[in-house]
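Count residues from 1 along the sequence. Order of listing sets the numbers, starting from 1, for every ligand and every atom in it. Just so it is clear, the values below take in all heavy atoms, side chains as well, and ignore hydrogens, waters and symmetry mates.
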Amino acid sequence: EKGTYPHYMLKEIDEQPLVIRKIIQAYQNEKDELVVVDDIVKSMKEADRIYIVACGTSYHAGLVGKQFIENMAEIPVEVHVASEFSYNMPLLSAKPLFIFLSQSGETADSRAVLVRIKEMEHRALTITNVPGSTLSREADYTMLLHAGPEIAVASTKAYTAQIAVLAILANVTAKSRGMNLALDLVHELGIIANAMEVLCDTKEEFEKMASEFLPFTRNCFFIGRSLDYFVCLEGALKLKEISYIQAEGFAGGELKHGTIALIEDGTPVIALATQENVNWSIRGNVKEVAARGANTCIISMKGLETEEDRFLLPKVNQLLTPLISVIPLQLIAYYASLHRGCDVDKPRNLAKSVTVE
Ligand code: M6R
């Protein structure tokens with residue numbers, strides 16, 4: 001039930017700190033360490049390459065997951081859009097492990113890939129919010145998101161839950177491989193949950209941004225580099241899906257290869273700057289679009305800010321920033337949709353779970 005909330009989406013955005021805490025609890029053992037079923041960790045360690053397969057928002061979570069698994073556990077990862085993988089299968093490695101990311105566990109495009117790779121006798125792990133769902137039943141292993149039912153068509157808490165569970169999976173695998181790249185994730189995720197709360201308590205800021213940047217625009221661009229780029233893809237999907245504004249996420253460095261031609265006087269460009277190693281280059285990109293008339297808005301992380309920034313995110317671990325940088329983008333999309341009088345929870349032409357290929 002949505003209780004006093006006007007929309008499920010807003011309720012689900014607000015539930016994110018709680019979901020992170022639930023995930024920590026669900027994956028903790030009696031010694032307060034995060035653990036994953038032995039067979040899953042064994043399969044991760046045996047794999048020479050991991051293939052993450054998903055659609056939409058879950059695909060965007062997969063892009064972040066790749067970074068975690070490669071950085072922490074040092075296993076190569078490919079991320080594929082399920083509907084493309086089905087018809088254009090890449091050459092597989094000798095010992096692949098497949099990870100299916102799906103909030104509903106019922107997405108037909110992902111299932112089609114699962115059926116194919118099971119015929120080929122490869123191993124599969126499904127990460128889903130729905131125990132007993134088709135993708136969970138048909139895979140060898142399941143990890144649950146513990147996000148509670150997600151009703152709004154636009155996925156929010158399932159995205160952050162997927163990222164948190166992928167971080168746990170990557171971290172536990174890294175530890176079990178004896179890597180010193182593993183994080184104290186109980187501590188780091190605790191910081192994330194608190195930071196999420198701060199952001200959820202700052203909604204007016206994001207409502208203001210939506211009214212300032214998006215009231216009459218026909219398009220909007222999100223730019224970022226590295227992990228921020230992946231979050232930009234998700235921010236753009238949220239905005240287009242529920243406000244019908246044509247929105248795109250771009251890698252900062254790609255702008256000059258074509259996209260910058262789209263910038264006109266007043267075009268809104270929202271930039272994320274949470275990654276130290278690309279902080280100056282993304283700011284350079286913001287200058288380039290501003291010089292061509294863009295209406296720019298920088299959301300950065302504490303410690304990396306400059307005077308021009310519009311909003312500062314609380315400081316969290318560099319690798320885990322997508323868990324919090326997505327929240328302003330979810331809220332901006334929510335308020336843009338609301339202000340334009342769109343149906344926030346049930347956008348046109350879309351279904352919550354897509355059970356046809
Ligand atoms: O249930 P799934 O995670 O498999 O769903 C995948 C996509 O259909 C879903 O994420 C979709 O993109 C959302 N409506 C985005 O908000």
Residues 256-263, side-chain donor-acceptor partners within the protein, below 3.5 Å, at least two apart:
{"from": "Lys256", "atom 1": "NZ", "to": "Gly253", "atom 2": "O", "distance (Å)": "2.8"}

Atom SG in Cys200, atom CD1 in Ile327: separation rounded to 0.5 Å?
4.5 Å
heavy-atom search around atom 1 (O) of ligand 1 in the protein gives Ser104 OG, 2.7 Å
Which one holds for Lys352 and ligand 1: side chain close, backbone close, both close, or neither close, with close meaning a heavy atom under 4.0 Å?
neither
Find all atoms of ligand 1 within a distance of less than 4.0 Å from any non-hydrogen atom belonging to Ser102, and give their numbers and elements.
1 (O), 2 (P), 3 (O), 4 (O)
Winner among Cys55, Ala108, Ser155 once heavy atoms are compared against atom 7 (C) of ligand 1
Cys55
Relative to the heavy atoms of Ser58, which atoms of ligand 1 are at a distance of less than 4.0 Å?
2 (P), 3 (O), 10 (O)
I need the atoms of ligand 1 closer than 4.0 Å to a non-hydrogen atom of Ala154, numbered in the order shown.
16 (O)
Tell me whether Arg283 is salt-bridged to Glu308, with the criterion being a basic N under 4.0 Å from an acidic carboxylate O.
yes
Using heavy-atom distances only, which candidate in Lys240, Glu241, Glu106 approaches atom 13 (C) of ligand 1 most closely?
Glu241
Is any side-chain heavy atom of Glu264 less than 4.5 Å from a side-chain heavy atom of Arg292?
no
Could you find the nearest protein heavy atom to atom 15 (C) of ligand 1 and give me its residue, atom name and distance?
Thr57 OG1, 3.0 Å
If you measure only the distance, is there a donor-acceptor pair under 3.5 Å linking the side chains of Glu106 and Thr355?
no
Identify the protein heavy atom lying closest to atom 8 (O) of ligand 1, giving its residue, its atom name and the separation to 0.1 Å.
Val354 CG2, 4.1 Å
Quick one: does Ser110 get within less than 4.0 Å of ligand 1, heavy atoms only?
no
List the closest protein heavy-atom neighbour of atom 5 (O) of ligand 1: residue, atom name, distance to the nearest 0.1 Å.
Thr107 OG1, 3.5 Å
Judged by non-hydrogen atoms, does Lys238 sit under 4.0 Å from ligand 1?
yes
Is ligand 1 less than 4.0 angstrom away from at least one heavy atom of Ser353?
no
Any side-chain heavy-atom pair of His60 and Leu237 under 4.5 Å:
yes
With side chains defined as the heavy atoms from C-beta onward, is the minimum distance between Tyr59 and Glu234 less than 4.5 Å?
no
Once you round to the nearest 0.5 Å, how far does CD of Gln103 lie from SG of Cys55?
12.5 Å
Pair Glu207, His339: side-chain N/O donor-acceptor within cut-off below 3.5 Å
yes
